[in-house]
Amino acid sequence: MVPGPWRAWPWRAWPASAPPGGARALPCGLTRPAFGTTTCTGDPDATALAIQGHNAGSGAGSSGLAQGWLVNQQRPDGGFASPGATEPNAVTTGRVSHTLVTVGAGAFYRAVKWLEPRQLRCAAPPEQRGAVPYDSTGFERSTAVRATVQATLAFFPSLKGFARLSAAGAKPDSPVLSC
């Protein structure tokens with residue numbers, strides 16, 4: 001369990017004494033995934049997680065600047081790309097879309113519309129059905145597992161955010177495509 005907001009991050013732990021928006025935020029309001037960054041290049045994944053962390057800890061809503069920047073990173077086709085990438089991917093789009101639904105941003109629907117046709121259906125080999133490939137290169141098991149998990153957050157969003165996800169009411173069986 002995370003002892004408080006902003007104290008844990010997938011890449012490393014933040015200092016417990018760092019105030020929200022302090023040691024991690026850049027002057028332009030974006031969030032960086034590592035210490036030492038001083039430019040405002042931003043990272044959609046890190047910003048999405050920071051917004052959710054802030055909302056979980058403060059309940060006061062996230063930075064409008066960070067939300068606005070995140071929505072402005074959405075590509076015309078509805079997807080989101082990692083920094084430096086030339087095309088959107090399912091991991092970033094799934095993660096960001098989950099944050100967008102928790103803050104009530106309509107851009108969430110465009111992200112889901114980007115993800116839905118990428119999910120492999122009945123035409124795929126049986127062991128790949130239901131998976132979501134990472135990007136347009138197609139199914140690769142090494143990346144599809146993570147991409148499918150992140151896309152699932154968009155397909156079945158929790159309006160309460162990551163901090164309040166629960167297995168309450170979940171069923172032990174997996175859905176099966178009727179092909």
Side-chain angles (χ1 to χ4, degrees), residues 9-12 24 26 28-34 36-37 39-53 55 62-63 65-162 165 170 173-179:
W9 202 251
W11 298 280
R12 61 184 66 188
R24 295 148 318 284
L26 298 170
C28 57
L30 304 180
T31 306
R32 59 184 180 245
T37 305
T39 60
C40 287
T41 54
D43 181 315
D45 292 287
T47 301
L49 290 171
I51 289 170
Q52 291 229 16
N55 288 347
S62 62
S63 164
L65 182 60
Q67 284 182 40
W69 180 85
L70 195 56
V71 169
N72 286 331
Q73 300 311 299
Q74 192 169 35
R75 303 286 178 97
D77 63 3
F80 287 86
S82 300
T86 58
E87 67 175 298
N89 66 70
V91 171
T92 301
T93 302
R95 183 175 294 142
V96 170
S97 68
H98 187 258
T99 296
L100 293 174
V101 77
T102 64
V103 297
F108 161 77
Y109 296 103
R110 289 182 45 227
V112 172
K113 292 292 182 194
W114 185 88
L115 286 164
E116 283 178 339
R118 286 158 176 78
Q119 186 176 31
L120 301 178
R121 308 283 179 175
C122 295
E127 68 276 4
Q128 296 177 10
R129 292 178 187 161
V132 178
Y134 177 79
D135 60 19
S136 65
T137 60
F139 181 86
E140 291 182 35
R141 183 162 178 70
S142 64
T143 58
V145 172
R146 188 177 76 178
T148 302
V149 168
Q150 295 299 331
T152 300
L153 292 171
F155 297 151
F156 304 99
S158 166
L159 298 176
K160 297 178 181 179
F162 289 129
L165 282 177
D173 55 336
S174 299
V176 177
L177 291 173
S178 57
C179 296

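No hydrogens, no waters, no symmetry mates; every other heavy atom, side chains included, goes into these values. The first residue of the sequence shown is numbered 1, and numbering continues consecutively from there.
- How far OG1 of T148 is from CD of Q119: 7.5 Å, rounded to the nearest 0.5 Å.
- Not counting sequence neighbours, the partners of T137 by the side chain to side chain donor-acceptor pair (under 3.5 Å) test are D135.
- Put simply, the side chain of Q67 does not reach to within 4.5 Å of the side chain of V71, judged on heavy atoms.
- In this structure, CZ on F108 lies 10.0 Å from OG1 on T102, to the nearest 0.5 angstrom.
- Residue R75 places its CZ atom among more than 12 non-hydrogen atoms of other residues, nucleotides or ligands, all under 6.0 Å distant.
- The minimum heavy-atom distance between R110 and Q74, with the atom names listed, is NH1-OE1, 3.0 Å.
- Atom-to-atom distance recorded for T152:OG1 and H98:NE2 is 11.0 Å, nearest 0.5 angstrom.
- Taking the side-chain contact (heavy atoms from CB on, under 4.5 Å) definition, one finds that A151 meets it with L115, V132, F155, sequence neighbours left out.
- The two residues E87 and S136 come nearest to each other via the heavy atoms OE1-OG, 2.8 Å.
- For the side-chain contact (heavy atoms from CB on, under 4.5 Å) test, residues two or more places apart in sequence or in another chain that qualify with T92 are P44, D45, F80, S82, N89, V96.
- Heavy atoms only, all atoms of each residue included: S97 and A111 are closest at CB-CB, 3.6 Å.
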Fill in: side chain to side chain contact (heavy atoms under 4.5 Å, CB included) evaluation trace for F139 with R141
CA-CA 6 Å; F139 181 86; R141 183 162 178 70; 4.2 Å; yes

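- For the pair P133/L120, a side-chain contact is recorded, criterion being any heavy-atom separation below 4.5 Å from C-beta on.
- Side-chain N or O atoms of Q73 include one that pairs as donor or acceptor with a backbone N or O of W69 at under 3.5 Å.
- Among all heavy-atom pairs drawn from G42 and P83, the shortest one is O-CG, 3.7 Å.
- Here the CG atom belonging to D43 is positioned 10.0 Å from the CG atom belonging to L70, to the nearest 0.5 angstrom.
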